[in-house]
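Please read the structure below before turning to the comments.
Given the structure is predicted, the values throughout are model-derived calculations rather than measurements. Labels below follow one simple rule: chain letters A, B, ... track the order of the sequence lines, proteins then strands, and each chain is numbered from 1.
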Amino acid sequence: MKLVRLQPADLPIETRALAKALLGHVLVRETDEGLTAGTIVETAYLPGDPACHAFSGKTARNATLFGPPLRSYVYQIYGTSYCFNLSSEAEGEGAGVLVRALEPIKGLEIMRERRSTSIERDLCRGPGRLCRALAIDRSLDGIDLSEHPHLWLAEAQEFPMRVRSSRRIGVTRAAERRLRFYAAGNPYVSGPARLNPS
DNA sequence: AGGATGATCGTCT
DNA sequence: GACGATCATCCTC
């Protein structure tokens with residue numbers, strides 16, 4: 001299996017298009033422990049929603065969302081979990097896409113140690129879990145995915161992939177909007193079954 | 001300086 | 001399906 005780094009021109013910068021285009025591509029992480037990687041199978045975004053960190057304007061925490069596209073925006077939530085996003089849209093506009101689940105493809109043994117579970121399906125199923133499995137934390141906030149040596153995107157390993165949408169998970173505002181995308185039928189997608197029809 | 005809150009997770013029933 | 005943990009960040013005083 002050969003992981004070829006994606007070039008910025010390979011992805012759209014518009015938020016919705018990016019959220020869909022990311023499905024099937026691979027998120028790669030390299031540390032002293034080794035290489036871990038997974039196929040992106042679920043994403044979501046939050047335009048015009050008070051839950052979006054960019055909704056109320058630029059702050060110290062969310063500055064990355066207002067920067068150039070394809071930067072890593074990482075924040076901590078509920079004290080214990082990190083969430084990994086990619087900034088979208090042109091510099092100056094605050095927007096991004098949350099990566100919600102991966103299908104693990106490399107470094108599963110490392111992931112099992114970091115996650116303290118042997119259940120493969122649970123290694124990267126959820127935004128907090130995938131950050132734990134790939135050792136992503138705030139130190140990676142703001143880095144450029146197209147250049148960074150230790151966190152980057154690779155060309156798709158699984159195509160074609162049937163993309164479906166649903167309402168989002170964990171947000172209450174504008175709840176009816178279908179701003180979550182996932183790979184139909186993929187067992188590594190998070191959330192309740194009723195939100196994951198094939 | 002203090003209070004409210006969250007794009008979650010793991011555990012328990 | 002429900003609930004509590006846990007703390008960085010932001011907002012208000």
Can you tabulate the close N/O pairs, meaning under 3.5 Å, that link protein atoms to atoms of nucleotides 11-13 of chain B?
none

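Phosphate proximity of C:dT9 to A:R138: present, with a side-chain N or O under 4.0 Å from OP1 or OP2. At C:dA5, none of the side-chain N or O atoms of A:T80 fall inside 4.0 Å of OP1 or OP2 (strictly under the cut-off). Phosphate proximity of B:dT8 to A:R100: present, with a side-chain N or O under 4.0 Å from OP1 or OP2.
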Canonical and wobble pairing (Watson-Crick, G-U, under 3.5 Å) of DNA chain B, dot-bracket with |: ||||||.|||||.

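Relative ring orientation between A:Y73 and A:Y75 is described as tilted, the plane-to-plane angle lying within the 30° to 60° band.
Looking at the side chain of A:Y78, the nearest of the listed nucleotides C:dT9, C:dC10, B:dT8 is B:dT8. Looking at the side chain of A:L98, the nearest of the listed nucleotides B:dC9, C:dT9, B:dA7 is B:dA7. Which of B:dT8, B:dA7, C:dT9 sits closest to the side chain of A:C52 comes down to B:dA7. The side chain of A:I169 has B:dT8 as its nearest neighbour among B:dG10, B:dA7, B:dT8.
Summarising the geometry, the separation between CD on A:Q76 and C1' on C:dT6 is reported as 9 Å, rounded to the nearest angstrom. Taking atom CG of residue A:L86 and atom P of nucleotide B:dA7, one finds them 18 Å apart after rounding to whole Å.
Taking both residues in full, the closest heavy atoms of A:R16 and A:L179 are given as NH1-CD2, 4.3 Å, listed atom of the first, atom of the second, then distance. Residues A:T15 and A:G96 share a closest heavy-atom pair of CG2-O, 3.7 Å.
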Worked verdict on A:R114 versus A:E33 for salt bridge (Lys or Arg N to Asp or Glu O under 4.0 Å): CA-CA 10 Å; A:R114 291 176 179 157; A:E33 297 174 281; 2.7 Å; yes

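Look at A:E176 and A:R167 and you find no salt bridge, because none of the NZ, NE, NH1 or NH2 atoms lies under 4.0 Å from a carboxylate O. Between A:K2 and A:E155, none of the side-chain N atoms (NZ, or NE/NH1/NH2) sits under 4.0 Å from a carboxylate O, so this pair counts as no salt bridge.
Comparing A:R194 and A:A60 by the nucleotide of DNA chain C that holds the closest heavy atom to each, the one mapping nearer the 5' end is A:R194.
Of the residues in residues 117-127 of chain A, those with a non-hydrogen atom less than 4.0 angstrom from any atom of DNA chain B are A:G126, A:P127.
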